[in-house]
There are 2 protein chains.
Amino acid sequence: MTTNLRDHIVLRLGKDIDNLELVLSKFIPLQYKRNEIILREGETCRYVYFICSGALQVFVHDQDMNETTRDIIVEDNWCSELMSFGKQQPSSENIRAIEPVQLIAIDRQGFQEMMEKVPQFDKVYRQILEASYANSVYRINSFVALSALERIRWLMDNRPGLMTRFSSKLIASYLGIHKDVFSRLKAKI
Amino acid sequence: MTTNLRDHIVLRLGKDIDNLELVLSKFIPLQYKRNEIILREGETCRYVYFICSGALQVFVHDQDMNETTRDIIVEDNWCSELMSFGKQQPSSENIRAIEPVQLIAIDRQGFQEMMEKVPQFDKVYRQILEASYANSVYRINSFVALSALERIRWLMDNRPGLMTRFSSKLIASYLGIHKDVFSRLKAKI
DNA sequence: ATAAAATGTAGACTTTTGTCATCGCTGAAA
DNA sequence: TTTCAGCGATGACAAAAGTCTACATTTTAT
């Protein structure tokens, strides 16, 4: 179960990591069925997850309970609500399994132990944070000024796998456009 | 000149920081006139800036050279292009003084020295990163699904100071709407 | 001080997007 | 198997946003 994570870490930090097995032992395996909610807004996020297989949706609700999807995250990537996890405060976001998913998770205690004992782990966290930030910046710069059609093109250029793998409804909520509009414009490409 | 930064750090980390004066000594003062470009896309970002007074705009150009403003940052806050600064790679963003601005800046060498010698400095960097990330996430979740009018209301609720302090053109480019539309809708509120 | 440039507002018009109703298809549950 | 709920596609229409022009005002440079 930890094979993916081991590969992931070795790829980023090299093979010579002293406490790699110790780190891995702090992760617990979890699995969820399609459509299960893993984190609900208002709850405190207890884990940082690494996705071994499957995919997660991170989303918020607006006042009419419509979903806006901030991110769709697939296998071999990290997922959490870092603000809630870091400060142990209520989450403003929800996380849902959009496919059957196998996760390995580290809780706050294990996380902090690792931060203190394993200097390399500190780097992993920083890389997660930096990558998450870079993603967000990229998305803001791309989306804020783009039309619906341009957003669809952006998705095809940047994350082509999503278009075929997930439902139109989900993709539309990720692009911030309505599913009818998405359906219409898709035909024009 | 370093007074603002000293206050800023003490506020966040408490008074008992051993090497505070050492850290502050690594910062160099800089100033720019209104409309001067501080970082141009394609260049490598050499500094992390702390704004003592004035304000900066972080923006990108689309294919027609229209500006989209990712962030407007005012005094007593940090500003940089962290991806470019961290990896010393070309920046995709521009930074401009939108008011006469007094900055203090730390370069990569000073930054790394501090990261190694002063454990507390490491925390400062993490806080910058976490705050930047939190901002971005908030902005994505807010903006992607909002109409022009709702974006204006969002700005009035979240950053009311900006509306009166800066030009409509700039605000519109921050909201991702056209200045004509902004002007029209503003009248309706 | 004066001229030139940039900005803010407004109206008219076009294009894009949102909304609603309908219909056929598919997959899940009884 | 049959029924039903959800999804995706489409057409008609309404609402919102973009575009262009004009003009008055403000700011900047000389």
Side-chain angles (χ1 to χ4, degrees), chain A residues 32-37 54-55 57 59 61-69 72 96-100 142-156 161-189, chain B residues 32-37 54-55 57 59 61-69 72 94 96-101 142-156 161-189:
Chain A
Y32 292 90
K33 296 175 201 158
R34 185 170 135 83
N35 288 328
E36 275 193 277
I37 297 291
Q57 171 199 17
F59 66 101
H61 288 113
D62 68 12
Q63 62 274 31
D64 304 325
M65 286 300 281
N66 297 313
E67 290 178 12
T68 302
T69 300
I72 297 169
R96 172 194 288 142
I98 47 180
E99 289 176 352
S142 307
F143 273 49
V144 171
L146 291 191
S147 69
L149 191 58
E150 291 167 325
R151 290 179 190 199
I152 295 174
R153 292 223 168 86
W154 181 92
L155 190 69
M156 296 195 306
L162 301 192
M163 291 276 290
T164 51
R165 184 165 170 182
F166 303 108
S167 74
S168 294
K169 189 186 170 193
L170 178 65
I171 299 295
S173 90
Y174 178 70
L175 296 180
I177 59 183
H178 286 242
K179 64 182 172 52
D180 303 311
V181 177
F182 180 63
S183 181
R184 251 183 294 169
L185 294 177
K186 218 178 7 172
K188 288 191 183 174
I189 294 184
Chain B
Y32 292 92
K33 294 175 201 158
R34 185 169 137 81
N35 288 327
E36 274 194 277
I37 296 291
Q57 170 199 18
F59 65 101
H61 288 114
D62 67 13
Q63 62 274 32
D64 304 326
M65 287 300 281
N66 298 313
E67 291 177 11
T68 303
T69 300
I72 296 168
N94 307 271
R96 172 194 288 140
I98 47 180
E99 289 176 351
V101 68
S142 306
F143 273 49
V144 171
L146 291 191
S147 69
L149 191 58
E150 291 168 326
R151 290 178 189 199
I152 295 174
R153 292 224 168 86
W154 181 94
L155 190 69
M156 296 195 305
L162 300 193
M163 291 277 289
T164 50
R165 183 165 170 181
F166 302 109
S167 74
S168 295
K169 189 187 170 191
L170 179 65
I171 299 295
S173 90
Y174 178 70
L175 296 179
I177 59 184
H178 287 241
K179 66 179 174 50
D180 302 336
V181 177
F182 180 63
S183 180
R184 251 183 294 171
L185 294 176
K186 217 177 9 170
K188 287 190 183 173
I189 292 183

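In what follows, chains carry the letters A, B, and so on, assigned in the order in which the sequence lines appear, proteins first and then strands, with residues in each chain numbered from 1. Below, all heavy atoms of this structure are taken into account, side chains as well, without hydrogens, waters or symmetry copies. Everything quoted here is computed from the prediction, not taken from an experiment.
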(message) Test of understanding: with side-chain hydrogen bond (donor to acceptor under 3.5 Å, both in side chains), list the residues that count as partners of B:T68, not counting sequence neighbours.
(response) none
(message) The criterion is salt bridge (charged side-chain N to carboxylate O under 4.0 Å, His left out); which residues satisfy it with B:R96, sequence neighbours excluded?
(response) B:E67
(request) Under the salt bridge (charged side-chain N to carboxylate O under 4.0 Å, His left out) rule, collect the residues that match up with A:R184, sequence neighbours excluded. (result) none
Give every pair of a protein N or O atom and an N or O atom of nucleotides 4-8 of chain C that lie under 3.5 Å apart, one pair per line with the distance.
from  : atom 1 : to     : atom 2 : distance (Å)
C:dT7 : OP2    : B:K169 : NZ     : 3.0
C:dG8 : OP1    : B:S168 : N      : 2.8
C:dG8 : OP2    : B:K169 : N      : 3.2

(request) Report the residues that fulfil side-chain hydrogen bond (donor to acceptor under 3.5 Å, both in side chains) with B:S147, sequence neighbours left out, ordered by chain and then residue number. (result) B:E150
(request) Rounded to the nearest angstrom, tell me the gap between atom CD in A:E150 and atom P in C:dT16. (result) 10 Å
Shorter than 3.5 Å, N or O on both sides, protein versus nucleotides 15-20 of chain D: list them out with atom names.
from   : atom 1 : to     : atom 2 : distance (Å)
D:dA17 : OP1    : B:A148 : N      : 2.6
D:dG18 : N7     : B:R184 : NH2    : 3.1
D:dG18 : O6     : B:R184 : NH1    : 3.2
D:dG18 : O6     : B:R184 : NH2    : 3.4
D:dT19 : OP2    : B:H178 : ND1    : 3.1
D:dT19 : OP2    : B:H178 : NE2    : 3.2
D:dT19 : O4     : B:R184 : NH2    : 3.3
D:dC20 : N4     : B:D180 : OD2    : 2.9

(request) Not counting sequence neighbours, which residues clear side-chain hydrogen bond (donor to acceptor under 3.5 Å, both in side chains) with B:N94? List them please. (result) B:E41
(request) Mind grabbing the angle between the end helix axes of the helix from C:dA1-D:dT30 to C:dA30-D:dT1? Five pairs an end, 10° rounding. (result) 60°
(request) Please identify each residue that fulfils ring-ring contact (aromatic ring centres under 6.0 Å, His included) with B:F59, with sequence neighbours left out. (result) B:H61
(message) Rounding to an integer number of Å, can you tell me how far B:I98 CD1 sits from D:dT28 P?
(response) 14 Å
(message) If you define the side chain from C-beta out and look only at heavy atoms, does anything of A:P100 sit under 4.5 Å from A:K33?
(response) no
(request) Applying ring-ring contact (aromatic ring centres under 6.0 Å, His included), name anything that partners B:F143, two or more places apart in sequence or on another chain. (result) B:W154
(message) According to salt bridge (Lys or Arg N to Asp or Glu O under 4.0 Å), does anything in residues 161-174 of chain A pair up with another residue at least two apart or in another chain? List the pairs.
(response) A:E75-A:R165, A:E99-A:R165
(request) Identify, with sequence neighbours excluded, every residue that meets side-chain hydrogen bond (donor to acceptor under 3.5 Å, both in side chains) alongside A:S168. (result) A:K186
